[in-house]
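For ligands, and for the atoms within them, numbers begin at 1 and follow the listed sequence.
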Amino acid sequence: MTVRVRFAPSPTGFLHIGGARTALYNWLFARKNGGAFVLRIEDTDAERSTDESTAGILDGMKWMGIDWDEGPFYQSEYLQEHKDAAQELLRLGAAYRCFCTKEELDQQRAEARANKVAFKYNRKCLALSAEESQARADRGDPYVIRFRVPDNRQETVSFDDRVFGHIEVGIKEIGDFVIVRSNGLPLYNLANVVDDHRDRITHVMRGADGLANTPKQVLIYEALGWETPVFAHMALTLDPSKAKISKRRHGEVVTVEFYQEHGFLPWAFCNFMALLGWSSGDDQEIFLNREEMIDRFSLDHVSKANSVFNYRKNDPKFITDPKALAVNAAHLRQLPIDELLPYVKDWFVRQGLWKDDWDGADRQWFASTVDLIRSRYHTLEDFTELGRAYFFDEYPIVPKAAKNIRKDPVLEQGFKRLSQAYAALDGFSLENVESTLRVLSDDLGIKAGLLINGVRAAVTGQTVGPSLFEVLLTLGKERVISRLEKAAVMVSAG
Ligand code: GLU
């Protein structure tokens, strides 16, 4: 059997972490099994679906590198098939028209509430004869179509979920549910089943919020004589207070776009999402390339426990789950530099900060500078923020760095004399930049550390970074000299 899976988002909002993770798992499963990954946009809710949302979903998937083999199919284009299926269910006696008014149903709901039981339609219209039902429909009485739950034939409806195991629901617990609205539009459970059947989906992998609908869908499959697919539901992702993550509650940080805009590497972001509910079975968490994860992916290691998106609003230290940052940092650090560079370039281009020389005459310099500074960075944004001084003459000096520059009045002399000594150097090598600085500190009777910290602050605007002498080398003699001169002025100006 060829595996066929699908991602079936409703285009009613942004592509968020939960949806993106579902897409990713489906894609991994398809690729692992040499199967097909189908993309279906479930846009039948005309009021809530927007083209903008569809475009956002497609963009997000493209950015993540999750490519699909078929589609995008648009559910709304298959309306007639959904209606035909409803007619077939009517014909089979597996569905019936319900003419009950809103008032009647409200009354039943109120009674159920008063009796503290779950509402279940009282089946008044099931008693209508076929002729009467047809006559009322012909007369133009508004009606919905309800699925007739086969409580005369079976006690339970069950399925084996690949993640949640055997699931069985008493048939009596399920009320006759609506499959076609009074405006003639089929509802999710029907449309979804018809589409999955037509698309020959073998495995339905989706969020655990779909679990509640599955028994109803299984009943529809059975009524139509169709084979049910394998179901595999993905546990939910919650915030630290156990609330479902949502844009309304958490803001942009739950959208894929946020990660794109904050300098995440697409595959590193996928790596983070993969870990929200899946583990490789051993300690490995970082998968630098797709093939490696595809190879390891299996539904056996998808967890049925909810995962935690460890985002704390208003935490100035972390813009998102620290784990997302850590995974991205690991990719930044570990990727072969040639694989990383295109992403760094793309980031600079998007910020309008790219210089063509970095691809030409200064190619080597650019690559080695990125290589030098990447080990401490978490996102691509760090290259243009924390790393600005490496690439541009204008750069901010963070308050702590400014303090280091002015730490001791002796540093005025330190910066001045160091710049002169560097200017007098023949070459500019790791050895002579270091020894020059150390000799000068001895001369001034200060600890080398004081000067090193001051120089780092002066030339990078930061208090931490790679080995200072390597930093000086990558910046080059001229830039170092002029920055030291400026720093001397800063000290004297106080
Ligand atoms: N359109 C549904 C959703 O976005 C699809 C659920 C499913 O995959 O069956 O929730």
Side-chain angles (χ1 to χ4, degrees), residues 3-30 35-58 60-61 66 68 70-79 81-82 85 147 159 161-164 167 177 179 181 185-221 226-237 244-248 254-256 273 277 299 302:
V3 160
R4 293 177 60 85
V5 292
R6 86 309 195 263
F7 176 47
S10 304
T12 53
F14 292 80
L15 182 58
H16 56 83
I17 291 186
R21 186 191 57 158
T22 300
L24 174 67
Y25 284 18
N26 273 285
W27 179 86
L28 286 166
F29 189 72
F37 178 45
V38 177
L39 176 59
R40 179 169 71 232
I41 306 293
E42 297 207 327
D43 59 345
T44 36
D45 185 340
E47 268 161 41
R48 295 179 58 226
S49 301
T50 66
D51 291 345
E52 192 194 351
S53 167
T54 301
I57 291 168
L58 300 186
M61 290 178 70
I66 299 185
W68 52 92
E70 294 173 33
F73 299 127
Y74 292 86
Q75 187 162 60
S76 57
E77 287 173 18
Y78 298 91
L79 193 61
E81 280 186 31
H82 309 145
F147 183 83
F159 59 96
D161 191 274
R162 276 292 270 110
V163 176
F164 283 82
I167 297 207
F177 53 94
I179 52 175
R181 283 210 188 94
L185 290 180
L187 279 165
Y188 161 73
N189 278 324
L190 178 65
N192 192 259
V193 164
V194 170
D195 289 350
D196 280 342
H197 175 71
R198 182 195 55 253
D199 293 337
R200 306 191 317 283
I201 300 304
T202 58
H203 293 71
V204 168
M205 297 166 57
R206 61 185 169 202
D209 38 358
L211 267 176
N213 281 312
T214 310
K216 295 176 184 167
Q217 296 181 355
V218 169
L219 289 174
I220 297 177
Y221 279 105
W226 294 344
E227 196 183 329
T228 47
V230 174
F231 292 99
H233 286 86
M234 313 292 142
L236 301 178
T237 297
K244 247 184 102 171
I245 55 169
S246 72
K247 179 132 186 263
R248 189 173 48 76
V254 305
T255 68
V256 170
M273 276 192 308
L299 288 176
V302 171

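Which of Gly210, Gly19, Gly18, Ser10 comes nearest to atom 3 (C) of ligand 1 through a heavy atom is settled by distance: it is Ser10.
In this structure, Phe231 and Tyr221 have perpendicular ring planes: the angle between them is above 60°, well past the 30° mark. Ring orientation note: the planes of Phe147 and Phe177 are close to parallel, at an angle under 30° on the 30°/60° scale.
Ion pair Arg6/Asp196 flagged as a salt bridge, since at least one NZ, NE, NH1 or NH2 atom sits closer than 4.0 Å to an Asp/Glu carboxylate oxygen.
For the residue pair Leu299 and Ala232, the shortest heavy atom distance occurs at CD1-CB, 4.2 Å.
In terms of protein heavy-atom proximity, atom 8 (O) of ligand 1 is nearest to Arg6 NH1, 2.7 Å.
Side-chain atoms of His203 do not come within 3.5 Å of backbone N or O of Met205 as any donor-acceptor pair.
For ligand 1, the polar-atom distance check against Ala8 finds a nitrogen or oxygen pair separated by under 3.5 Å.
Donor-acceptor pairing under 3.5 Å is recorded for the side chains of Thr214 and His233.
Those atoms of ligand 1 that come under 4.0 Å of a heavy atom in Asn192, given as number and element, are 7 (C), 9 (O). Each of the following atoms of ligand 1 lies closer than 4.0 Å to a heavy atom of Glu42: 1 (N), 2 (C), 5 (C).
For the pair Met205 and ligand 1, no heavy-atom separation below 4.0 Å is found. Residue contacts with ligand 1 include Tyr188, since one or more of its heavy atoms lies under 4.0 Å from the ligand.
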